[in-house]
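Below you'll find the structure, written out as structure tokens, and then a few comments.
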Amino acid sequence: MDRDAMAGAAAGGAPAGRAASERRAGVPTERFEAERGRLRAIAQRMLGSTGEAEDAVQEAWLRLVRTDPAEIDNLPGWLTTVVSRICLDLLRARAARREEPTDEALPDATGGGPEPEREALLVESVGRALLVVLDRLGPAERVAFVLHDGFAVPFDRIAPIVGRTPAAAKKLASRARQRVRGTASPPPEPSAGHRRVVEAFLAAARGGDLADLLAVLAPDVVRRADPAALGPGRALVARGAQAVARETTVFGRRARYGAVALVDGEPGILIAPDGRLRLVLRVAVADGRVAGYEVVADPARLAALELAVLPG
């Protein structure tokens with residue numbers, strides 16, 4: 001089904017050409033539409049994509065059309081199971097594709113990649129850092145965590161979806177929760193101060209104002225970067241507040257896709273257009289200012305970093 005037909009289904013029920021036959025077959029169209037928003041929210045958190053989420057929900061509708069209503073004793077539960085299994089299959093396929101080599105290039109220094117309105121709304125509702133961390137979970141972990149922690153689905157219902165026992169499904173969600181929250185436990189006061197400085201730095205980078213950046217940078221600040229993070233001919237190391245501030249105003253065009261998160265147990269910055277990680281800034285703080293930061297872009301280095309969501 002094309003996206004126009006799907007949009008029509010989202011706005012006003014099933015496509016008009018099938019409505020009469022579906023009603024004759026006993027398909028609970030109105031009841032499905034009442035569940036659509038919840039199903040979309042589940043799929044969006046599992047997949048991190050509004051387009052894929054819409055496709056998953058529409059596939060659930062098509063499966064419902066082909067199912068005898070007499071076989072469904074709990075429509076919300078049945079739909080949750082179907083959408084979750086569709087998402088799990090998509091996540092597994094995505095994980096398999098990641099094992100293949102890719103030539104995808106980083107966005108250039110003048111931007112961070114597209115973020116269409118629907119994806120921006122998803123990022124805003126779920127959180128950019130959470131989407132990044134969820135993307136690092138295994139498929140079954142992600143499904144179990146989203147269903148239990150996000151939508152209060154009990155483990156005895158999650159278990160058959162992920163093909164595990166309830167106890168094993170609980171372990172999946174627990175392991176995912178630990179990764180989302182992080183395993184490192186930095187001292188609360190230094191970490192809180194570090195976080196405030198990093199948040200101020202990100203805000204100044206987004207604003208692109210040189211004076212605001214100079215206010216948060218230490219006089220002898222140093223910026224280092226992986227070659228892949230910079231345009232051709234740009235220095236990998238910049239020293240001193242003036243030089244680093246000027247470099248950061250260029251980076252600031254990417255900063256609109258930034259979010260503060262835990263990076264190896266300390267507050268840092270994730271650059272993630274559409275919630276997909278592209279860069280990490282490891283930020284060193286001393287005496288209430290940014291003493292230095294490193295832009296990590298190398299895929300192997302990014303994969304080795306422990307990332308977690310900061311507590312609210």
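With hydrogens and angles ignored, the 3.5 Å screen pairs a side-chain donor or acceptor of Arg142 with a backbone N or O of Met46. Looking only at distances, a side-chain donor or acceptor of Arg38 sits under 3.5 Å from a matching main-chain atom of Pro76. Side-chain atoms of Asp264 come within 3.5 Å of backbone N or O of Glu306 as a donor-acceptor pair. Judged purely by atom type and a 3.5 angstrom limit, Arg282 has no side-chain atom pairing as donor or acceptor with the backbone of Val296. Although no hydrogens or angles enter the test, the distance criterion places no donor-acceptor pair under 3.5 Å between the side chain of Arg278 and the main chain of Tyr257. Under the 3.5 Å distance criterion, the side-chain polar atoms of His194 are matched with a main-chain donor or acceptor of Val283.
Residue pairs meeting the side-chain hydrogen bond (donor to acceptor under 3.5 Å, both in side chains) criterion with at least one member in residues 197-209, sequence neighbours excluded, are Arg195-Glu199.
Under the 4.5 Å side-chain criterion, counting only non-hydrogen atoms from C-beta, Val280 is not in contact with Ile269. Put simply, the side chain of Val82 does not reach to within 4.5 Å of the side chain of Leu64, judged on heavy atoms. Contact of the Thr80 side chain with the Leu147 side chain is registered, since non-hydrogen atoms from C-beta on lie closer than 4.5 Å. Residues Trp78 and Thr67 form a side-chain contact, since some pair of their non-hydrogen atoms from C-beta on lies under 4.5 Å apart. A heavy-atom distance below 4.5 Å is found between the side chains of Arg177 and His148.
To the nearest 0.5 angstrom, Leu217 atom CG is 9.5 Å from Gln242 atom CD. Here Leu39 contributes atom CG and Glu33 contributes atom CD; the two are 10.0 Å apart, rounded to the nearest 0.5 Å. Rounded to the nearest 0.5 angstrom, Phe155 CZ and Thr165 OG1 are separated by 11.0 Å. Once rounded to the nearest 0.5 Å, the distance linking CG of Leu131 with CG of Leu122 reads 5.0 Å. For the atom pair CZ of Arg63 and CD1 of Ile86, the computed distance is 4.0 Å after rounding to the nearest 0.5 Å. Atom CG of residue Leu270 and atom CG of residue Leu302 lie 9.5 Å apart, to the nearest 0.5 angstrom.
Tyr293 and Phe201 have tilted rings, their planes meeting at an angle from 30° to 60° on a 0 to 90° scale.
Crowding of Asn74 atom CG: a count of heavy atoms from other residues, nucleotides or ligands under 6.0 Å exceeding 12.
Under the rule for a ring pair (Phe, Tyr, Trp, His ring centres under 6.0 Å), Phe145 has no partner lying at least two apart in sequence or in another chain.
When all heavy atoms are compared, the tightest approach of Arg179 to Gly138 is NH1-N, 4.4 Å. Heavy-atom minimum distance, Ala261 versus Ala308: CB-O, 3.4 Å. Annotation for Ala60 and Val83: closest pair CB-CG2, 3.5 Å, computed over non-hydrogen atoms. Closest of all the heavy-atom pairs between Ser84 and Ile161 is CB-CG2, 3.7 Å. For Ala43 against Ala56, the heavy-atom pair with the smallest separation is CB-CB, 4.4 Å. Scanning both residues, Val216 and Ala200, for their nearest heavy atoms gives CG2-CB, 4.1 Å.
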Legend entry - Steps toward side-chain contact (heavy atoms from CB on, under 4.5 Å) verdict (Asp55, Leu47): CA-CA 11 Å; Asp55 290 348; Leu47 299 172; over 6 Å; no
Verdict with supporting geometry, Leu91 and Arg94, side-chain contact (heavy atoms from CB on, under 4.5 Å):
CA-CA 5 Å; Leu91 289 169; Arg94 185 189 295 172; 3.7 Å; yes
| message | Under the criterion side-chain contact (heavy atoms from CB on, under 4.5 Å), I'd like the reasoning laid out for Gln58 against Arg40: C-alpha separation, chi angles, the key distance, then a yes or no. | response | CA-CA 9 Å; Gln58 192 61 26; Arg40 185 189 299 115; over 6 Å; no
| field | Full working for side-chain contact (heavy atoms from CB on, under 4.5 Å) between Arg254 and Leu279 | value | CA-CA 9 Å; Arg254 292 173 173 175; Leu279 305 170; 3.0 Å; yes
Under 3.5 Å, which donor-acceptor pairs do the side chains of residues 219-230 form with other protein atoms, sequence neighbours left out?
residue, atom, partner, partner atom, Å
Arg223, NH1, Glu247, OE1, 2.8
Arg223, NH2, Ala235, O, 2.6
Arg223, NH2, Leu236, O, 3.1
Asp226, OD1, Arg301, NH1, 2.8
Asp226, OD2, Ala297, N, 2.8
Asp226, OD2, Asp298, N, 3.0
Asp226, OD2, Arg301, NH1, 3.4

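Linking Ile, Leu, Val, Met, Phe, Trp and Tyr residues whenever their side-chain heavy atoms come within less than 4.5 Å leaves Leu214 and Val244 in two separate clusters. Note on Val197 and Leu210: separate hydrophobic clusters, where clusters join Ile, Leu, Val, Met, Phe, Trp and Tyr whose side-chain heavy atoms are under 4.5 Å apart, directly or indirectly.
Salt bridge Arg45/Asp149: absent, no basic N to carboxylate O contact under 4.0 Å.
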